[in-house]
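For reference, the structure discussed in these notes is given below.
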Amino acid sequence: MIDATKILKEYRITEKASNLNENLLQYTFEVDMTASKTQVREAIEQIFEVKVARVNIMIRKAKLKANRYRAARPGRKPAFKKAIVTLKEGHKIELV
């Protein structure tokens with residue numbers, strides 16, 4: 001079993017993520033690329049002491065980034081794995 005703190009990298013704060021949080025009790029985390037749904041579920045339940053109803057995982061592919069100073073050598077935005085975690089009714093994660 002991988003350490004739970006190594007599975008969860010950071011909480012993703014975007015406009016869409018905050019709407020999901022307020023309306024549907026869903027939280028968005030950036031997770032390790034090798035983590036599975038069950039590992040993410042166990043990590044969330046262990047760290048925040050809540051019950052998870054479901055986990056959806058998405059992988060964002062790396063994208064090219066335009067660079068006006070080095071047009072021949074564009075940069076790259078890194079790929080990452082994102083998990084949207086839905087909690088059971090009555091549970092809530094207190095962040096900050």
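- Here the NZ-OG1 distance, from Lys82 to Thr14, works out to 6.5 Å after rounding to the nearest 0.5 Å.
- Between Asp3 atom CG and Asp32 atom CG the span is 11.0 Å, to the nearest 0.5 Å.
- When hydrophobic residues (I, L, V, M, F, W, Y) are linked wherever their side-chain heavy atoms come within less than 4.5 Å, Leu64 remains an isolated member.
- For Glu45, there are no salt bridge (Lys or Arg N to Asp or Glu O under 4.0 Å) partners two or more places apart in sequence or in a different chain.
- Members clustered with Leu24: Leu20, Met58, Ile84, by chain and number, using a 4.5 Å side-chain heavy-atom cutoff among hydrophobic residues.
- Distance check, rounded to the nearest 0.5 Å: CD1 of Ile93 to OH of Tyr11 gives 8.0 Å.
- Val31 and Ile59 fall into different hydrophobic clusters, defined by Ile, Leu, Val, Met, Phe, Trp and Tyr side-chain heavy atoms under 4.5 Å apart, directly or through other members.
- Between atom CD of residue Gln26 and atom CZ of residue Arg54 there is a gap of 8.0 Å, rounded to the nearest 0.5 Å.
- Using modelled atom types, one side-chain atom of Arg41 and one backbone atom of Val52 make a donor-acceptor pair closer than 3.5 Å.
- Heavy atoms of other residues, nucleotides or ligands lying less than 6.0 angstrom from CZ of Arg60 number more than 12.
- A distance of 9.5 Å separates CE of Met33 from CZ of Phe80, quoted to the nearest 0.5 Å.
- Considering OG1 of Thr5 and CD1 of Ile47, their distance stands at 6.0 Å, rounded to 0.5 Å.
- Looking only at side-chain heavy atoms (C-beta outward), Lys81 and Ile57 come within less than 4.5 Å of each other.
- With a 6.0 Å radius and a threshold of 12 heavy atoms from other residues, nucleotides or ligands, Glu10 has its CD atom above the threshold.
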